[in-house]
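Please read the structure below before turning to the comments.
Not measured: the values here are computed from a predicted model. To find a chain, count down the sequence lines: A is the first, B the second, and so on, and within it residues start at 1. Keep in mind that the numbers below use all heavy atoms, side chains included, and drop hydrogens, waters and symmetry copies.
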Protein chains: 2
Amino acid sequence: MSDKPEISNAEFEVLDVLWDDHPATSNEVISRLNDKKDWHEKTVKTLLGRLVKKEVLGFEKQQRQYLYYPLIAREDYTKKETASFVSRLFKGKITPMVAGFANQNSLSKQDISELKALIKEWEQNND
Amino acid sequence: MSDKPEISNAEFEVLDVLWDDHPATSNEVISRLNDKKDWHEKTVKTLLGRLVKKEVLGFEKQQRQYLYYPLIAREDYTKKETASFVSRLFKGKITPMVAGFANQNSLSKQDISELKALIKEWEQNND
DNA sequence: CTTTATTGATTACAGTTGTAGTCTATGTGT
DNA sequence: ACACATAGACTACAACTGTAATCAATAAAG
């Protein structure tokens, strides 16, 4: 198995818009990022290139432009990042993390019912 | 209010052992880290120095040695990091994060009952 | 007192990151 | 055909990181 690619913060933003919808040309990526970030066109292209080198993105040539697409799934990435985050900051226990989060970002009623549903589901599968 | 200090991964490990118990001399920090990491003494001292410069650690002189201690609370740090993590990777929603975590690191029965307790508590405070 | 060990301070140095600018080849308008 | 625009490739460069080694001051040991 291959080593986890290190994706920097700025690179992540680029990857994120490609997860939302792909494949996309660099210009599409640039314009979608314009809504959120204030990055120069060249900056985004550098990031795209770095992500390709890191084998996080792939591309196909379409005439003179490239069509970029993610090589790793968002779900896989977020799962691994979450596991390592929780492990580092909370000794691997999610509850304290949720507790701290709840205490700072007050949860909505909907969050709570979603969590309850999640727990119920877990209990049905593990009993 | 001051800007969030950026704490690197290696720096975090040093801060972490100081959160566990402080104040401590550099040698104490070094020896506690030896159990986990394989870092040269000089490396740890560099990291201590950087954390002091970043105003994450403070110290008092004790004869020729320094006694280091954290200037920021673990709770404050983890809360902020969690908020920004959840915001970046899960659009601010904890449930999908917990779901992904559950699906990868199967939760223990205890985790589940802790989560239920947390929810119950929330419901009592917010109704 | 003089040598030695130790502590923090300073310096080193390559790789990564944020943030672009320049170069080169190719498509486009006239 | 020819000048210009444009895409990606390559280059730039300072700050931050990981990972130490060297320097300078001082305490400890003989």
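Nearest-nucleotide positions on DNA chain C for Lys45(B) and Asn9(A) put Lys45(B) closer to the 5' end. Place Asp38(A) and Leu67(B) on DNA chain C by their nearest nucleotides, and Leu67(B) ends up nearer the 5' end.
Set against dT17(D), dT17(C), dT6(C), the side chain of Glu11(A) has dT17(C) as its closest nucleotide. Among dT17(D), dA7(D), dA21(D), the nucleotide with an atom closest to any side-chain atom of Gln65(A) is dA7(D). With dT6(C), dT17(D), dG8(D) as the choices, the nucleotide that has an atom nearest any side-chain atom of Arg64(B) turns out to be dT6(C). Distance from the side chain of Tyr66(A) is smallest to dA9(D) among dT17(C), dA9(C), dA9(D).
With respect to the salt-bridge test (charged N to carboxylate O, under 4.0 angstrom), the residues Lys116(A) and Glu123(B) qualify. Ion pairing between a basic and an acidic side chain is recognised when a charged N comes within 4.0 Å of a carboxylate O; Asp20(A) and Arg32(A) show no such pairing. Here Glu11(A) pairs with Lys54(A) in a salt bridge; the nearest charged N to carboxylate O distance falls below 4.0 Å.
Evaluation of atom-type donor-acceptor distances gives a pair under 3.5 Å for the side chain of Lys42(A) against the base of dT22(C). At a cut-off of 3.5 angstrom, the base of dT10(C) holds no donor-acceptor pair with the side chain of Arg50(B). Looking at Ser26(A), its side chain has no donor and acceptor atom pair within 3.5 Å of the base of dA7(D).
Across the protein-nucleic acid pair, Glu41(A) atom CD and dT22(C) atom C1' stand 13 Å apart, rounded to whole Å. Note: CG (Leu15(B)) to P (dG18(D)) measures 13 Å, nearest angstrom. Regarding Glu13(A), its CD atom lies at a distance of 11 Å from the P atom of dT19(C), rounded to whole Å. Rounding to whole angstrom units, CD1 of residue Ile30(A) and P of dG8(D) are separated by 8 Å. For the pair Glu6(B) CD and dT16(C) C1', the interatomic distance rounds to 15 Å; values are reported in whole Å. Between the CG atom of Asn27(B) and the P atom of dA5(C) there is a distance of 16 Å, given to the nearest Å. Separating the CG atom of Leu47(A) from the P atom of dT17(C) is a distance of 11 Å, rounded to the nearest angstrom. Put simply, NZ on Lys53(B) is 12 Å from P on dA15(D), counting in whole angstrom units.
Without hydrogens or angle criteria, Trp19(A) side chain to Ile72(A) main chain gives a donor-acceptor distance under 3.5 Å.
Contact annotation: Ser8(B) reaches the phosphate of dG18(D) (side-chain N/O to OP1 or OP2, under 4.0 Å). Put simply, Thr43(A) has a side-chain N or O that comes within less than 4.0 Å of OP1 or OP2 on dA20(C). Residue Trp39(B) places at least one side-chain N or O under 4.0 Å from the OP1 or OP2 atom of dT19(D). Within the 4.0 Å cut-off from OP1 or OP2 of dG15(C), not a single side-chain nitrogen or oxygen of Lys54(A) is found.
Within a 6.0 Å radius of CD in Glu41(B), other residues, nucleotides and ligands contribute more than 12 heavy atoms. Heavy atoms from other residues, nucleotides or ligands lying under 6.0 Å from CG of Asp38(B) number 12 at most.
Comparing the helix axis at one end of the helix from dC1(C)-dG30(D) to dT30(C)-dA1(D) with that at the other, each defined from 5 consecutive pairs, gives an inter-axis angle of 10° (nearest 10°).
In terms of the side-chain contact (heavy atoms from CB on, under 4.5 Å) criterion, residue partners of Asp76(B) (sequence neighbours excluded) are, by chain and number, Ala73(B).
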Exercise for review: Let me see the working for Glu13(A) and Arg88(B) under salt bridge (Lys or Arg N to Asp or Glu O under 4.0 Å), right down to the final yes or no.
Suggested key: CA-CA 9 Å; Glu13(A) 299 294 332; Arg88(B) 281 167 48 80; 3.5 Å; yes
